[in-house]
Amino acid sequence: MEKTLLLKHGNFEAVIAAPKRFSIPNDYNEEILKTLSKDDTQAWREWRTSKFEEYRSLGFPVWKRSNLISLQLPDPTLKPQILTQITCLWEPIYRNDEALNILKEWDFEGSDRKFVLQSDVFFNEGLFIHAHDGRKEEAIVEVRGDGAAILNNMVKLDDGAELTLIWFVENTSYLSFLTRYIVGKNAVLHVLYVRAGGETLFSNEYFLLKEGAKVRILEVDRPEKLSAPFVLVSYAGKNSEATLKHAYSLKATQKSDSMFVLRHNVPGTRGLLESVGVLHDKARAVFRGNIEIKQRAVDTETSEKATAVLLSESARADAIPALMVEENEVAASHAATIGTVGEDELYYLMSRGLSKELALKLIVEGIFEPIVKEAGELFGEHWQEVITRVLTRKHT
């Protein structure tokens, strides 16, 4: 199983303190599991049941920044609405035993093992999307619903396949989203993931890149309460590349608690990790970015950068970029910037007749312009407009 942190040096391994945990009275139980798994294949039903014991043995983690102690779980038997437009092969994951076999091989820890297991055991929807060589495939999956959206997905690209994939999640009161991506040799994957308007959003994604694979990931957040995205990119093949960009917009007391990991295991890989956010009112954000370069991963080029703009004296952002390098012949860098909008900028715009509110709006749009433009190039004008509305606080 892939761990979130691998802190080793020679024969020594760091001791990572286990998080404090708490229990809640309405945690999901065996009766709910039986209801959710009634349409599964036999193999899936047996596997879910086997993982239930591990889930039940764990409490939820105490994340101080996110205040999870008040967590309440909606009824997962009230399934979300799933709308799909998919050109490649796909089917519900609980009917595909190939997806189950891949899942067993490529397990991971995620932001916390409890949330990975929650999606693995209690998912109420899930897709197995399979892109084959020789065609440029597209997939759009929209998720809506007032209750719990607990998703367990698998995306597999065969060698040489090309897939453009969009996940759009809107107005779910609770989201536990889990997706494993297996990106084959010389395959190309573009992913846009928009989380818009949901209250409490947990997301865990695992990308496994084989030789020559190329992945570009854009993630956009606008939670009503909390968004906690986790992404792990594991380079398993030489000359593979990954670009991960995250943009978020927060107001009131909303929170973003993110962690992204680029794990360079083999030679000749490329990585870029960027996060940009705007915080209003009493919003809070924390960015954790880990770049790991393992022994023998020579000729690696990788970097990370986090930028947060505070539009209120009460807003707060923390950036924790980290490089863990075990090889010499590499190029790696990290940077973090947290600041406010300058009075000179506001004065200049307001002196041209703009109100303070409109001036701030233009500044915010300028902050997000690079990622919005890239979204338009990769995913089209419609989705460029969608993320513009999401990030500038308009309703979608």
Side-chain angles (χ1 to χ4, degrees), residues 63-67 194-199 201 218-229 231 243-260 272-291 303-323 333-375 384-396:
W63 291 347
K64 294 182 179 179
R65 287 183 174 89
S66 302
N67 191 28
V194 182
R195 297 173 283 264
E199 289 187 12
L201 313 174
L218 269 62
E219 306 229 343
V220 176
D221 268 318
R222 193 198 70 188
E224 291 302 320
K225 184 177 179 183
L226 165 69
S227 180
V231 177
T243 298
L244 169 56
K245 297 186 179 182
H246 176 231
Y248 60 91
S249 179
L250 306 174
K251 65 177 183 178
T253 58
Q254 296 162 353
K255 298 180 177 67
S256 173
D257 192 343
S258 62
M259 183 166 187
F260 306 111
L272 174 63
L273 170 57
E274 292 184 357
S275 175
V276 59
V278 171
L279 295 86
H280 305 256
D281 308 319
K282 296 182 179 180
R284 297 286 185 270
V286 58
F287 162 86
R288 300 177 183 86
N290 285 8
I291 292 181
S303 65
E304 65 175 312
K305 180 181 180 181
T307 303
V309 179
L310 311 181
L311 299 183
S312 164
E313 293 183 357
S314 299
R316 176 178 173 178
D318 298 307
I320 311 172
L323 295 177
S333 64
H334 64 77
T337 303
I338 298 173
T340 60
V341 174
E343 291 296 327
D344 290 344
E345 294 176 89
L346 279 176
Y347 176 79
Y348 176 82
L349 291 172
M350 293 173 67
S351 69
R352 266 59 182 172
L354 300 180
S355 65
K356 184 176 181 180
E357 181 179 6
L358 183 55
L360 282 173
K361 177 179 179 294
L362 290 177
I363 291 171
V364 168
E365 289 178 352
I367 292 168
F368 290 124
E369 183 180 5
I371 198 168
V372 168
K373 182 178 179 181
E374 183 171 350
Q384 178 176 332
E385 294 174 354
V386 168
I387 71 168
T388 297
R389 291 196 298 269
V390 169
L391 291 173
T392 57
R393 314 307 307 172
K394 295 179 182 177
H395 293 292
T396 57

With a 4.5 Å cut-off on side-chain heavy atoms, are Leu323 and Glu304 touching?
yes

If you define the side chain from C-beta out and look only at heavy atoms, does anything of Lys305 sit under 4.5 Å from Leu272?
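No. Closest side-chain heavy atoms not under 4.5 Å.
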
Sub-3.5 Å donor-acceptor pair from the side chain of Arg284 to the main-chain atoms of Lys282, do we have one?
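At least one qualifying donor-acceptor pair exists.
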
Measure from the side-chain N and O atoms of Gln254 to the backbone N and O of Pro223, and report whether any donor-acceptor pair falls under 3.5 Å.
yes

Exceeds 12 heavy-atom contacts within 6.0 angstrom, atom CD of Glu369
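Atom CD in Glu369 is not packed in, count stays at 12 or less.
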
List for me each residue that meets salt bridge (Lys or Arg N to Asp or Glu O under 4.0 Å) alongside Asp318, sequence neighbours excluded, and say none if there are none.
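Salt bridge (Lys or Arg N to Asp or Glu O under 4.0 Å) check on Asp318 returns Arg65, Arg316.
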
Go through His334 and Ile291 one step at a time and tell me if the side-chain contact (heavy atoms from CB on, under 4.5 Å) criterion holds.
CA-CA 9 Å; His334 64 77; Ile291 292 181; 5.9 Å; no

For [X] and [Y], work out which heavy atoms get closest and say how close.
| X | Y | value |
| --- | --- | --- |
| Pro370 | Gly366 | CD-O, 3.8 Å |
| Val276 | Phe368 | O-CE2, 3.8 Å |
| Ala285 | Leu250 | CB-CD1, 4.0 Å |
| Lys251 | Asp281 | CB-OD2, 3.5 Å |
| Ile371 | Ile387 | O-CD1, 4.2 Å |
| Ala308 | Leu279 | CB-CD1, 4.2 Å |

Applying side-chain contact (heavy atoms from CB on, under 4.5 Å), run through His246 and Ser256 and close with a yes or a no.
CA-CA 11 Å; His246 176 231; Ser256 173; 4.0 Å; yes

side-chain contact (heavy atoms from CB on, under 4.5 Å) between His280 and Val278, worked out:
CA-CA 7 Å; His280 305 256; Val278 171; 3.8 Å; yes

I'd like to check the side-chain hydrogen bond (donor to acceptor under 3.5 Å, both in side chains) partners of Ser66; sequence neighbours left out, ordered by chain and number.
Asp257

Does the pair Arg195 and Asp221 meet the rule for a salt bridge (Lys or Arg N to Asp or Glu O under 4.0 Å), with working shown?
CA-CA 5 Å; Arg195 297 173 283 264; Asp221 268 318; 2.5 Å; yes

